[in-house]
Amino acid sequence: MKAHRTLLIRLPKDECDIDYIKRLMGLTNLAYRGFEVLAPDLLKYVQYQLYGSFKNYMGSLVFGTTPKRWFARAWVPLKVLRIYSDDSMKGDRSAPVVLDFKNGVIKLRQVCKNESGFVVEVPMPRWVIERLKEGGDIKFARIGLKDNEPYLALVAERVVEPYQPSGYRLVVDVNSWRYGIAWGLIHNGQLVSFKQEKPNLNVLLTLYYQAVKRGRKYGALMRIGLHHTTQGKRLRRQVYARKSRIYRITRDKAYFLASKLVKKALKYKALLIIDDMTEESRRELLEEKLPPDVIKLLMSNLKRFVHQLKTLAQWYGVPYQFKRLPSKVCPVCQHELTQEEGRTMVCPNCGFKSPRDSVPMYWALKIEKAI
Ligand SMILES: [Zn+2]
């Protein structure tokens, strides 16, 4: 099985011609549709790389799906030459992207500006060296724009077979950040450990209310036409700074947890069971009549968490399954559970009682016994 991981590297804007990259992205879209456009002012080298790359890698996963709309910008696929510290090389010698491990740099030839012999150099990220040590190889790269900023995407590929699970199961229950991501390690019909992980909600909510307060002040200034003043600009900056900090906190937590859980699964050679109930959690928050902004905050980066968990599991060969584990149905008698004060779930039929976020773990135990 081939596993892939991608790293985005921001390219120096002053060394890149944004319009040129836009044009290459447009041509890439056409190439996806089977059109080879020979633009007389484009370097032959670039045209050859563009269409040559397509012929070679068209069926590859790294290019994602064909762009849906005509003329939408598609990231440009590029071949990669790897030069190792012992002077050995892998890949096409005329490739536009060169990973030079000997000198610790990445060189981009002719793809940032339509100018013969133009090269942009960026330092080699540690990420690339780490993937290489794990047995990965960077065969592909893509260049493109994100929020009008030029980026290089490096795609690492590794051939890996998932291990045989040892009998341990790591169940991951994805809830909103309000109650956190719950995980349980199961062995021999027992819940060995259980934890709910979330960022510090007080910090998040404080930042949120600070942003709201400053946003209101800014709105008041705007109504009297004073939002371009120093005070107005400062308020706007403060709102933006707080919102992006909230986003960064949940993003960092998502990445941290995905990595922690995959390491745990590796340690026990566990089968990873992912219960992605983000939609159910969103509905629960809606029922609690929380403001839409707060719901957005409590749900932010959860999709990213699930994606990262899956990507890392594939990369390290951790076998995984997506499974729905109910939290409102009794795991003993399958009667519907009723929710009491403090999110305790009670079965009116058999008397089963458990905190809501542990119910899926009981279901995972029950499924294990059935096997
Ligand atoms: Zn019951």
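Read the numbers this way: they start at 1 and go in the same order the structure lists the ligands and their atoms.
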- How wide is the angle at the Zn ion (ligand 1) between SG in Cys330 and SG in Cys333, to the nearest 10°? 110°
- Non-hydrogen atoms of Ala254 and Phe305 that approach each other most closely: O-CD1, 3.4 Å
- Task: Classify the ring geometry between Tyr218 and His227 as parallel (under 30°), tilted (30 to 60°) or perpendicular (over 60°).
- Result: perpendicular
- How many degrees, to 10°, between Cys347 SG and Cys350 SG as seen from the Zn ion (ligand 1)? 110°
- Item | Test item: Thr250 and Trp177 side chains (from C-beta on) under 4.5 Å apart, heavy atoms | yes
- Heteroatom test (N, O or S) for His335 near the Zn ion (ligand 1), limit 2.8 Å: no
- Note on the structure: Nearest heavy-atom contact between Val111 and Ile21 is O-CG1, 4.0 Å
